[in-house]
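Report on one structure; see the data block that follows.
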2 protein chains.
Amino acid sequence: MTRSNPRVLSTLERAGGFASAQEVYRLMQREGESIGLTTVYRSLQSLVDDKIVDVLRRDDGEAVYRLCGEAHHHHLVCKSCGDTVEIEGGAIEKWAKKIADEHGFREVGHTAEIFGICKKC
Amino acid sequence: MTRSNPRVLSTLERAGGFASAQEVYRLMQREGESIGLTTVYRSLQSLVDDKIVDVLRRDDGEAVYRLCGEAHHHHLVCKSCGDTVEIEGGAIEKWAKKIADEHGFREVGHTAEIFGICKKC
DNA sequence: GTGGAAATGAAAATCATTTTCATTTGTGGT
DNA sequence: ACCACAAATGAAAATGATTTTCATTTCCAC
């Protein structure tokens, strides 16, 4: 993936760093960019693989992609408006490590996400 | 919703309190219950509306339904062989609640999973 | 029983996402 | 420049969960 990747990334940035694949595609169409929906999906997926963007789920199950810094963090997501707060996970890191050690697991990683309804909703 | 509702609920219980609509449907089929997929969806939705079950999303976007009040647990999964250990998440519960409180979130839930390579692999 | 509202379910529609596959593009070797 | 081959692209079809439509069935209240 080389040609499309940067265009998709830049569109995602322009969208406020938070959009679904369909939205990125429609936005690029509107701006006269020539790209296929399939390629948008593939580019986003490769950006996820490269850990340049993050993916999470809206309430209706649609995947939304989000620019993401390199620092490992977790998310507090509003189920209603999709608003996202990056949070620190010091406690989690320790917990994950401890549990994994207890069970003899190596090369340990983890995922954690908190969701609820935010103040505004 | 009256006739199907209890049957769907009881099936969800039997499934361990955690399953997708399709899984509930297939389970009922296998057990010889006569019910339509549409009705399973409608029953689950009404159980969600009544706050008897909770809905959240798998990584692939499929909705999974969970009995409310079920003590939920987390998983330690081996990336290599898929072996899974159920673990307790006391620390996580507290962490999630604390963070959510700090940001004024209501109706809070969370997901967490630890993965790595197990002893055998 | 009778009539009408609510519940049911089969089939079709919807919608995001993935797959297939033929075409285009980029690259390295000559 | 030319050729060959691999990677990238995108249109169209396939997939799979979920929702909608609509005709039929069930359940009450009278």
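Just so it is clear: chains get the letters A, B, ... in the order the sequence lines come, proteins before strands, and each one is counted from 1.
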B/Leu27: which other cluster members, linking ILVMFWY side chains closer than 4.5 Å, directly or transitively? none
Please report, rounded to the nearest Å, how far the C1' atom of C/dA16 is from the CG atom of A/Asp60. 9 Å
Tell me which pairs pass salt bridge (charged side-chain N to carboxylate O under 4.0 Å, His left out) where either residue lies in residues 11-26 of chain A, with sequence neighbours left out. A/Arg14-A/Glu31, A/Glu23-A/Arg58
A/Tyr25 atom OH is separated from C/dA16 atom C1', nearest whole Å, by 14 Å
Treating primed atoms plus P, OP1 and OP2 as sugar-phosphate and everything else as base, which nucleotides of nucleotides 17-24 of chain D get B, S or - for protein heavy atoms under 4.0 Å? SBBB----
Out of C/dT8, D/dG10, C/dT25, whichever nucleotide has its closest atom nearest the side chain of B/Ser4: C/dT8
Linked hydrophobic residues, B/Leu56 as query - side chain contacts closer than 4.5 Å: A/Phe115, B/Phe18, B/Val64
Rounding to an integer number of Å, can you tell me how far B/Asn5 CG sits from D/dT26 P? 18 Å
Over how many whole Å does the gap from A/Leu44 atom CG to D/dT9 atom C1' extend? 15 Å
Expressed in angstrom and rounded to an integer, what is the separation of A/Arg7 atom CZ from C/dT25 atom P? 12 Å
In whole angstrom, give the distance that lies between atom CZ of A/Arg3 and atom P of D/dT9. 5 Å
For A/Arg57, which residues count as a side chain to side chain donor-acceptor pair (under 3.5 Å) partner, sequence neighbours excluded? none
Just list the side-chain donor-acceptor pairs under 3.5 Å for residues 95-103 of chain A, sequence neighbours left out, or say none.
from: A/Lys97; atom 1: NZ; to: A/Asp101; atom 2: OD2; distance (Å): 3.4

Are more than 12 heavy atoms from other residues, nucleotides or ligands located less than 6.0 Å from atom CG of B/Asp59? no
